[in-house]
There are 2 protein chains.
Amino acid sequence: MRIGELARHAGLTVRTLHHYDAIGLLTPSTRSEGGYRLYGPEDIARLHAIQAMRQLGLSLEDIGRLLDDGGGTTLPVIVEQQLRAIDVQIEQAEKLRARLGMLQAKLATGSVPDMDDWLATIRMMTTCDKYFSADELKTIFGNWRRIYTDWAALITDVRRTMKAGVPADSLEVQPLAHRWMTLMGIWMDGNLDLIYRWGEMYRREPSALTGKGPDLGMVAYMDRAIQLRMAALGRHLSIDELLRLKQVPPEAWDTLAGSAAELMRQGVAPGASRARALGKQWLGLLERVADHDAVLFDKLLAAYCQEPLVAAASVREEAVRQYLQRTVQSVLDPIAA
Amino acid sequence: MRIGELARHAGLTVRTLHHYDAIGLLTPSTRSEGGYRLYGPEDIARLHAIQAMRQLGLSLEDIGRLLDDGGGTTLPVIVEQQLRAIDVQIEQAEKLRARLGMLQAKLATGSVPDMDDWLATIRMMTTCDKYFSADELKTIFGNWRRIYTDWAALITDVRRTMKAGVPADSLEVQPLAHRWMTLMGIWMDGNLDLIYRWGEMYRREPSALTGKGPDLGMVAYMDRAIQLRMAALGRHLSIDELLRLKQVPPEAWDTLAGSAAELMRQGVAPGASRARALGKQWLGLLERVADHDAVLFDKLLAAYCQEPLVAAASVREEAVRQYLQRTVQSVLDPIAA
DNA sequence: GATGAACCCTGACGCTACGTCAGGCTCAAG
DNA sequence: CTTGAGCCTGACGTAGCGTCAGGGTTCATC
């Protein structure tokens with residue numbers, strides 16, 4: 001397909017496609033002998049992605065970067081994002097419509113609307129508020145490839161747990177909640193506001209039924225679990241302190257929990273040197289989470305020791321949890337132990 | 001209200017308002033002693049108009065021109081235009097939504113959509129087709145002040161005629177049809193396509209119920225009359241020829257019709273010199289309508305003589321029409337007369 | 001009355017995403 | 001073989017701001 005034809009079909013100008021080629025955003029996969037640009041199906045798919053992201057408000061440069069190092073995996077995510085954006089757009093357009101209708105009725109009676117009315121209307125016209133800003137979309141798209149395999153795995157795990165009839169407030173769900181929060185943290189670059197709004201959006205828009213992502217029930221289920229977790233942490237740490245916590249790789253916790261289970265099965269006493277070495281490792285991890293801040297560390301430790309819910313996130317089994325706790329006790333307070 | 005406050009409320013940046021001031025688009029009505037810009041209610045109203053027209057796709061320069069020489073009369077028209085634009089936007093967004101939904105479903109099953117699918121979707125994303133292009137909006141807004149008094153008068157006349165129970169295919173309606181077409185011609189700069197689409201829009205969007213403009217029934221009523229008129233003209237002229245016809249001021253026809261009625265009442269014979277002078281004037285008008293093209297003129301004359309519907313537009317009374325026709329006959333063919 | 005923070009001013013230059021030429025080449029149809 | 005529509009590569013221009021720099025205003029608080 002030559003450039004003019006593509007331009008006509010896509011509703012763009014030839015110059016625009018030239019421009020996209022010049023900046024390396026969309027380079028046609030072949031050229032004719034005479035030097036004509038020839039666009040193939042994959043070029044068209046790429047153009048689709050480009051236009052979609054443009055509609056979301058991203059700059060051409062950002063789009064190029066995202067498409068070039070995001071791999072092909074982003075396509076469904078883009079479409080999903082677009083669907084939401086459109087839903088928002090429609091909703092807002094309808095609100096604006098209602099406003100304009102009222103304004104028109106007022107004008108018809110000859111009265112002049114007051115300033116606040118004008119301002120509110122102007123605001124609705126200009127800020128076709130997107131759910132997410134361009135910067136936020138960049139992080140969402142950009143980080144997607146870092147998490148999408150883990151995310152898919154988590155989704156299936158959650159689905160299985162739900163199907164098994166495990167209630168959301170069960171301790172069993174806490175590891176899932178932890179994984180969920182961790183992944184969300186990576187995905188949204190730790191921006192809590194963004195995470196919250198993401199959830200909001202999911203709850204409000206019915207377009208979430210793609211089959212691949214989480215469904216509404218799943219989100220509600222995890223919400224409950226996360227809420228419990230946050231409440232438990234909140235009894236020991238302030239919001240600011242929570243925000244200062246760092247992530248450590250989940251495998252680290254898993255291997256530690258595995259070792260603890262092993263020691264326990266072997267009958268090693270919590271005060272034994274092998275157990276205490278384990279306890280020290282565990283405390284080391286916790287220190288990393290607390291960002292090496294002594295005060296934060298103490299509070300976090302208290303949370304882990306006093307709130308089974310919190311500890312349950314990294315150590316599944318009740319018995320192991322208690323074993324590990326005694327081990328840690330013996331490290332912190334060797335005499336009492 | 002100072003610039004920052006206005007910017008916040010309106011969802012704009014301070015820089016944008018600076019820019020609008022710099023190009024003379026929105027100059028605050030006062031300044032503080034220290035030189036701060038102070039925006040009053042009228043400035044805010046103007047800003048509303050600006051944002052509305054921007055949303056319709058007009059350039060800042062065009063907006064400035066339209067606002068500066070259009071007078072305050074354009075405000076309700078702008079809102080009306082905006083309402084329609086929003087309706088279109090919503091409709092198209094919903095279509096796009098449906099498409100994207102299908103595309104997502106396809107992607108979920110792992111199949112790759114074909115080229116036509118892509119292209120159609122891209123097209124929908126890019127060309128959020130407005131009903132009217134920026135240029136067309138410019139003529140619509142720009143010409144509005146040239147016709148709005150006549151238009152309002154016509155609307156009330158049509159309303160009265162409809163209420164009187166006059167059927168649309170009555171000859172009595174033809175003068176209204178003629179006025180309607182003439183005004184539309186002025187409003188839309190003679191762009192027939194634009195006129196047609198304007199009617200289309202009116203028919204499709206229910207937001208036409210402002211009370212000031214014509215309602216749906218009225219448009220249908222006039223449509224019928226105009227259709228009859230076009231059919232009658234179409235029996236004698238081709239589409240191209242119809243397009244080449246010029247307008248003459250309606251008063252010219254009216255005064256001629258008045259003079260003819262006067263002569264008839266005085267019993268002046270159609271062949272008398274005073275009558276023939278009138279006939280010559282009438283033919284002169286017709287020649288201007290035919291743009292001084294002999295072939296066109298002949299066809300037009302035939303239409304006027306053979307189609308009472310056509311003649312009825314400028315001469316209301318049957319008797320006067322026949323009198324005038326005989327007069328014209330005597331001018332064209334003095335011997336036979 | 002001094003001072004600090006928040007806000008505002010006027011230039012001036014930069015930037016994005018194209019539009020708009022100019023001058024020449026290619027391609028398919030007659 | 002021509003002819004008209006389409007394409008090429010530069011090159012410059014444009015709209016609508018963003019983003020400093022350098023300096024004045026306002027106003028509440030000390």
Side-chain angles (χ1 to χ4, degrees), chain A residues 1-40 43 47 50-67 122 125-128 133-135 137-138, chain B residues 1-40 43 47 50-67 122 125-128 133-135 137-138:
Chain A
M1 181 179 290
R2 295 195 313 204
I3 198 168
E5 203 182 344
L6 177 57
R8 262 196 316 280
H9 280 89
L12 298 164
T13 67
V14 171
R15 175 65 179 115
T16 299
L17 293 173
H18 274 169
H19 184 58
Y20 289 175
D21 190 5
I23 64 174
L25 180 59
L26 179 68
T27 308
S29 40
T30 39
R31 291 255 188 165
S32 80
E33 276 189 23
Y36 283 19
R37 291 173 177 82
L38 298 175
Y39 292 85
D43 299 324
L47 181 56
I50 291 171
Q51 287 306 99
M53 296 173 90
R54 267 206 33 145
Q55 222 186 0
L56 292 173
L58 296 178
S59 73
L60 297 185
E61 202 183 333
D62 291 336
I63 294 173
R65 260 202 300 274
L66 288 172
L67 286 180
I122 295 179
M125 280 163 20
T126 52
T127 71
C128 274
S133 76
D135 278 356
L137 283 170
K138 261 161 61 183
Chain B
M1 182 180 287
R2 295 196 312 204
I3 198 169
E5 202 183 346
L6 177 57
R8 263 197 316 277
H9 280 88
L12 299 163
T13 67
V14 170
R15 176 66 179 108
T16 299
L17 293 174
H18 274 169
H19 186 57
Y20 289 177
D21 190 7
I23 63 174
L25 180 59
L26 180 66
T27 308
S29 40
T30 39
R31 289 254 187 167
S32 81
E33 274 189 26
Y36 282 19
R37 291 174 177 82
L38 298 175
Y39 293 84
D43 298 324
L47 180 57
I50 291 170
Q51 287 306 99
M53 296 173 92
R54 272 213 37 149
Q55 221 186 5
L56 293 172
L58 296 177
S59 74
L60 297 186
E61 202 183 332
D62 291 337
I63 294 173
R65 261 202 299 275
L66 288 173
L67 286 181
I122 295 178
M125 278 164 17
T126 52
T127 71
C128 274
S133 78
D135 279 356
L137 284 171
K138 261 162 60 184

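By convention in this document, chain letters (A, B, ...) are assigned in the order of the sequence lines, proteins followed by strands, and residues within each chain are numbered from 1.
- Put simply, Arg8(A) has no side-chain N or O that comes within less than 4.0 Å of OP1 or OP2 on dG6(D).
- Following rounding to the nearest Å, Ile23(A) (CD1) and dC15(C) (C1') show an atom-to-atom distance of 13 Å.
- Going from atom CD of Glu5(B) over to atom P of dT25(D) covers 21 Å, rounded to whole Å.
- Rounded to whole Å, atom P of dA15(D) lies 14 Å from atom CD1 of Ile63(B).
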Using residues 1-12 of chain B as the side-chain source, report each donor-acceptor pair under 3.5 Å to any protein atom, sequence neighbours left out, with the distance given to one decimal.
residue, atom, partner, partner atom, Å
His9(B), ND1, Glu5(B), O, 2.9

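- Whole-Å rounding puts the Glu61(A) CD to dC15(C) C1' distance at 11 Å.
- A salt bridge is defined here as a Lys NZ or Arg NE, NH1 or NH2 lying under 4.0 Å from an Asp or Glu carboxylate O, and Arg31(B) with Asp21(B) meets this definition.
- When rounded to the nearest whole Å, the span between NE2 of His18(B) and P of dC17(D) equals 14 Å.
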Encode nucleotides 18-27 of chain C as B, S and - characters from 5' to 3', where the letter depends on protein heavy atoms closer than 4.0 Å: B to the base, S only to sugar-phosphate, - to neither. BBB-----BS
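- Taking CD1 from Ile122(A) and CD from Gln55(B), the interatomic distance works out to 11.5 Å, rounded to the nearest 0.5 Å.
- Here Ser59(A) contributes atom OG and Arg65(A) contributes atom CZ; the two are 7.0 Å apart, rounded to the nearest 0.5 Å.
- At least one side-chain heavy atom of Tyr39(B) sits less than 4.5 Å from a side-chain heavy atom of Leu26(B).
- For the pair Leu26(A) CG and dA17(C) C1', the interatomic distance rounds to 15 Å; values are reported in whole Å.
- Neither OP1 nor OP2 of dC8(C) sits under 4.0 Å from any side-chain N or O of Arg37(B).
- Checking side-chain atoms of Asp43(B) against main-chain N and O of Pro28(B) turns up no donor-acceptor pair under 3.5 Å.
- When the C1' atom of dC8(D) is taken as reference, atom CG of Leu17(A) falls 14 Å away, rounded to whole Å.
- Atom C1' of nucleotide dA15(D) and atom CD1 of Ile50(B) are separated by 16 Å, given to the nearest angstrom.
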